[in-house]
Every structure is written in structure tokens, then in C-alpha cells.
Amino acid sequence: LRLLPRIASMSSIFSASGVVRKYQLQVFTVTWFAYAALYITRKPVSITKSELERDAGLTPSVLGMLDSAFLIAYAIGSFFVGRISDVIGARSLIVWSLGVSAVACFLFGASSMPAVLLIFWFLNGISQSGGWPGSIKALTPWFGEAERGRVLGMWGTCQQVGGIVGTMLAAYFTGSFGWRSAFIVASVLVLTVALVSRVMLVNSPAEVGVSMTKGAGEKTADDRTSEAADTPVSLSMKEAVAIPGVLGTGVAYFVLKLVRYTMLFWLPYYLNRELHYESSVAGYLSTSFEVGGVAGSIAVGFLIDRYAPGRSLLVGVPMSLLSGLFLQLFSVSIRQGYPMFFSLLCMAVAGGMLGGGDVAYSGIAIQELAQRSGLGMGVVGTISGIVSGLGSIGAIMQGPFTSFVAFSFGWPTLYFMLFVMCVASVVPLIPTVRVMYHELSSGAYRRLTSTA
């Protein structure tokens with residue numbers, strides 16, 4: 001509760017002052033809107049499926065292939081765009097990602113042939129894969145370890161907000177002007193954000209002649225972090241995976257995305273078909289998961305900065321375990337007729353644990369692992385691409401996994417399997433977590449950046 005006043009104050013997440021604070025806010029804001037904007041060109045297909053089937057003549061199988069094409073392209077791109085960002089810089093990657101996504105979305109809205117639509121939506125998936133690694137790369141040189149957690153925690157809300165705005169825009173323009181307008185308007189908006197990002201986004205403090213020091217002539221850890229993040233680094237996939245903790249974090253993120261997307265895509269269906277709630281009621285009840293995700297995303301950063309600075313996995317791992325536990329509690333309570341408030345609270349807490357874990361694994365931990373590797377922050381993009389790519393595979397797998405388990409063995413079995421997977425996902429992280437726990441328990445609170 002003592003953290004609430006700090007969370008409520010947006011300005012409290014930035015520790016710097018003066019011109020540095022100005023650029024921190026500028027980079028934070030531009031990347032927040034840039035990544036949120038990508039959801040605007042991501043959502044139209046899911047909102048316009050009925051219209052695409054009726055007006056464009058697409059069959060249900062083609063509609064399913066559109067989703068698969070996007071997710072597969074996103075996963076493939078994630079493994080490569082991170083390395084690209086470490087070479088060409090964050091701004092170029094983000095602008096490219098936004099620009100190509102806007103063009104692909106526009107061309108999709110102007111086309112009708114199924115094969116052509118699949119090509120353009122695949123291209124959209126490839127381009128969107130650069131949004132997350134590019135944004136993490138852009139934020140890295142501007143924020144040190146002392147504020148990293150709360151900054152990325154607040155920044156991570158762009159996922160939920162972008163999804164909500166993207167859904168509302170697509171629904172409004174589809175209902176008012178037809179399905180093509182949803183894609184065309186989305187492309188114009190995102191192209192505008194791309195142009196603003198090209199002008200406003202700053203790659204590093206060195207680019208604008210800003211020092212992260214508090215005193216003249218003194219080079220601090222934050223300066224070294226900034227310089228390292230701005231230095232191009234070419235790292236092979238094999239070398240990046242060999243960095244301690246990278247593969248384990250990727251595996252944990254794979255499971256987290258599988259579980260999170262299972263809830264996002266199937267929870268309303270479960271409430272409607274299995275528990276016989278009306279569709280509208282099931283939709284409203286399912287929002288408890290997303291509301292919890294927003295709260296968890298914000299809270300995780302403050303928890304890490306307060307209790308485990310530089311060691312985010314000490315917070316992320318318990319969140320993974322608790323997410324599985326509360327999903328199981330939700331499954332049992334809602335089937336046994338417990339008060340609805342209790343069941344929804346369990347789902348909200350599960351959403352919070354998964355939302356917070358998402359930020360911890362795919363954002364904060366990536367920077368820490370790069371720092372610990374001794375290779376410098378210039379490898380952040382490559383590590384981010386690997387972790388994000390494995391997470392994207394989890395998102396792809398949730399469809400066949402959920403349908404097979406739920407319809408072959410029942411929904412209670414599915415929820416139990418998700419619980420087991422959440423527990424098993426943290427096993428590869430045990431060596432890294434043990435090192436981090438020993439650092440805390442032995443009183444080694446000295447920031448890692450001091451030796452960077």
C-alpha cells in the first residue's frame with residue numbers, strides 16, 4: 001500500500017532532472033505510443049472476421065490461416081529483428097516496423113483475393129515483430145538500474161491500452177463505414193506515428209550531447225550503460241543463447257505467453273459454452289483478467305525496484321508460480337459455485353501475475369541479463385528477439401494445445417495442465433535465481449552497473 005502514492009505519480013518514475021528528464025519523458029512517450037499503435041494495425045482482422053466472411057467471401061479456414069500467418073511471421077521475425085536493432089539502432093527499427101505495418105494494413109484493406117490477403121497479413125506480422133525489441137533497445141540507455149523496474153512496468157501498459165483502443169477503432173469504423181475503412185484508417189494513424197517517431201525518438205544521450213552524470217566530468221554507471229547500448233554489437237544466435245539465463249527466461253516466457261493467450265482467446269468461450277453464461281455476460285466477466293494484467297504490469301516494476309533491484313527474476317518467478325495457482329483456484333471455485341466475486345478475484349490476480357511476469361521476463365530481465373553477460377547493453381536487442389520469439393511460439397501453440405486438451409480431456413484438466421506448466425517453466429531459471437538470491441541474502445546490494 002505504501003507504493004500506491006508513488007505509482008499514482010507519473011513523474012515519480014523518472015529519477016533524473018532537467019534536460020535528462022525531458023528526454024527520458026520524450027523517449028518513454030514516443031515508444032509507448034509507437035508500440036500501442038502497432039495494436040491498431042493488429043486488431044482489425046479479429047474484429048472484422050464476420051464481415052470478411054460475408055463480404056469478401058473468406059471461408060472459416062482462410063480466416064484461421066490469417067491468424068496463423070500473422071503469429072508465425074511474428075515468431076520468425078522476432079528471432080532476427082533483435083539482432084538488426086543492435087546494428088541499425090532502435091529508431092530505425094521502430095520506424096521501419098510502424099511504416100511497413102501501416103503499408104501492409106492498407107494493402108490488406110484494398111485487396112480481396114485470399115492469397116493476397118494472406119501475404120499482406122504475413123508481412124504485417126513480420127514488421128510488427130520489430131516493435132518490442134526496438135522499444136526495449138530505445139529505452140535502455142535512458143534509464144539505469146535504480147528506475148528500470150518501474151519505468152518498464154508503467155511502459156508495459158501500452159500493450160493493454162493499445163489493444164483496447166485498436167479494438168474500439170476497428171469496431172467503430174467497421175460498423176459505420178465498412179470493414180475496409182477499419183484497415184485504411186488504422187494504416188493512416190500508424191503511418192503518422194511512424195513519422196512522429198522518426199522525428200522525436202532519440203537513440204541515446206550521446207546523440208543529443210546529453211550526459212547522464214550528476215556532476216561535470218564524472219562518468220557514472222548510467223553513462224557507461226548509455227554508451228554500451230549505443231555501441232553496435234554483432235552476436236550470433238548461438239552466442240546469445242549461451243548467455244546464462246537467456247534460454248531459461250525464453251522458456252519461462254514461452255509458457256507465460258501460452259497461458260496468457262489461452263485466457264485471452266478462450267476465457268469468454270469457456271464461460272459461455274461450459275458454464276452457460278450469456279455471451280455478453282461472459283465477455284464482461286472475462287475483462288477481470290485484462291484489468292488484473294494492467295495492475296500487475298504497473299506493480300511489478302515498483303516491486304522489483306523496491307525489493308530486488310537488478311534481479312527481476314526474483315519477482316518474475318514467484319509471479320509465474322502464483323499465476324498457475326490462481327488459475328487453478330478460479331477453475332475450482334467457479335465450478336463449485338463459490339461466490340462470483342471470489343472467482344473473478346482469482347482470475348484478476350492470475351491476470352496480474354501473468355501481466356507482471358510478461359514485463360519482468362520480456363523487458364526488465366533482458367536488460368539485466370545483457371548487463372550480467374559482460375558483453376554490454378549493446379546485445380539487448382538480440383536477447384530481446386530470442387525471448388520474444390520463444391514467447392511468440394507459445395502464443396501460436398496455445399490454439400492447438402487448448403483445443404486438444406480441453407475437448408479431449410475436459411476444461412478442469414486444461415486448467416490443471418496450465419498450473420503444472422507454470423510450475424515447470426521456472427525450473428530452467430533455478431541456477432540464475434539462486435545466484436540472484438545469494439546476492440541479496442549476502443547483502444550484496446551493490447548495483448551491477450557500478451562494475452559495468
Do [X] and [Y] have side-chain heavy atoms sitting under 4.5 Å apart?
X	Y	answer
Phe70	Asn124	yes
Leu321	Met353	no
Val45	Phe108	yes
Leu123	Ser127	no
Tyr23	Pro205	no
Ile126	Tyr74	no
Ile298	Thr157	yes
Tyr307	Val315	no

Taking [X] for the side chain and [Y] for the main chain, is one N or O donor matched with an acceptor at less than 3.5 Å?
X	Y	result
Thr249	Gly245	yes
Ser181	Gly178	yes
Asp305	Arg150	yes
Ser425	Cys422	yes
Trp121	Ala104	no
Ser323	Ser320	yes
Gln26	Met200	yes

Sequence neighbours left out, what passes side chain to side chain donor-acceptor pair (under 3.5 Å) with Ser111? Give chain and number order.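 Once residues adjacent in sequence are excluded, Ser111 has no partner under the side chain to side chain donor-acceptor pair (under 3.5 Å) criterion.
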Hey, could you give me the [atom1]/[atom2] distance between [X] and [Y], rounded to the nearest 0.5 Å?
X	Y	atom1	atom2	value
Ile364	Ile304	CD1	CD1	3.5 Å
Phe289	Leu344	CZ	CG	13.5 Å
Thr140	Gln371	OG1	CD	9.5 Å
Ile243	Thr432	CD1	OG1	11.5 Å
Gln367	Phe143	CD	CZ	9.5 Å
Leu390	Tyr361	CG	OH	13.5 Å

Taking every non-hydrogen atom, the tightest pair across [X] and [Y]:
X	Y	result
Ala424	Pro428	O-CD, 3.7 Å
Leu303	Met319	CD1-CE, 4.5 Å
Met436	Gly310	CE-O, 4.5 Å
Ala37	Leu98	CB-CD2, 4.3 Å
Val359	Ser297	CG2-OG, 3.3 Å
Ala194	Val95	O-CG2, 3.9 Å

Can you tell me if CZ on Phe401 sees more than 12 non-hydrogen neighbours from other groups inside 6.0 Å?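 For Phe401, atom CZ is crowded (more than 12 foreign heavy atoms under 6.0 Å).
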Flag for [Y]-[X]: side-chain donor and acceptor within less than 3.5 Å:
X	Y	value
Thr262	Thr402	yes
Tyr253	Ser388	no
Gln128	Ser97	no
Ser204	Trp142	no
Thr41	Ser101	yes

Is the shortest distance from a Lys or Arg side-chain nitrogen in Arg91 or Glu207 to a carboxylate oxygen in the other one below 4.0 Å?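 Yes.
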Apply the test side-chain contact (heavy atoms from CB on, under 4.5 Å) to residues Trp32 and Met154: give CA-CA distance (whole Å), side-chain angles for both, the deciding distance (0.1 Å), then the verdict. CA-CA 9 Å; Trp32 191 96; Met154 291 290 291; over 6 Å; no
Going by the rule side chain to side chain contact (heavy atoms under 4.5 Å, CB included), which residues pair with [X] if we only count those two or more places apart in sequence or in a different chain?
X	answer
Ser135	Thr31, Tyr35, Ile94, Trp155
Ser187	Ala102, Cys105, Phe106
Ile88	Ile84, Ser92, Leu93
Leu118	Met65, Leu66, Ala69

Using side-chain contact (heavy atoms from CB on, under 4.5 Å), reason through Arg180 and Phe173 one step at a time and then give a plain yes or no. CA-CA 9 Å; Arg180 294 185 188 277; Phe173 282 99; over 6 Å; no
Please list all pairs passing the salt bridge (charged side-chain N to carboxylate O under 4.0 Å, His left out) test where one or both residues lie in [range], with sequence neighbours left out.
range	result
residues 245-267	Arg260-Asp358
residues 62-82	Lys49-Asp67
residues 427-438	none

Mind running side-chain contact (heavy atoms from CB on, under 4.5 Å) on Val165 and Met168 for me, showing each step along the way? CA-CA 5 Å; Val165 173; Met168 292 174 63; 5.7 Å; no
Under the ring pair (Phe, Tyr, Trp, His ring centres under 6.0 Å) rule, collect the residues that match up with [X], sequence neighbours excluded.
X	value
Phe122	none
Tyr261	Phe265
Phe326	none
Trp179	Phe183

Could you walk me through whether Val199 and Leu195 satisfy the side-chain contact (heavy atoms from CB on, under 4.5 Å) test, starting with their C-alpha distance in whole Å, then the side-chain angles of each, then the deciding distance to 0.1 Å, before giving a yes or no? CA-CA 7 Å; Val199 175; Leu195 296 175; 5.9 Å; no
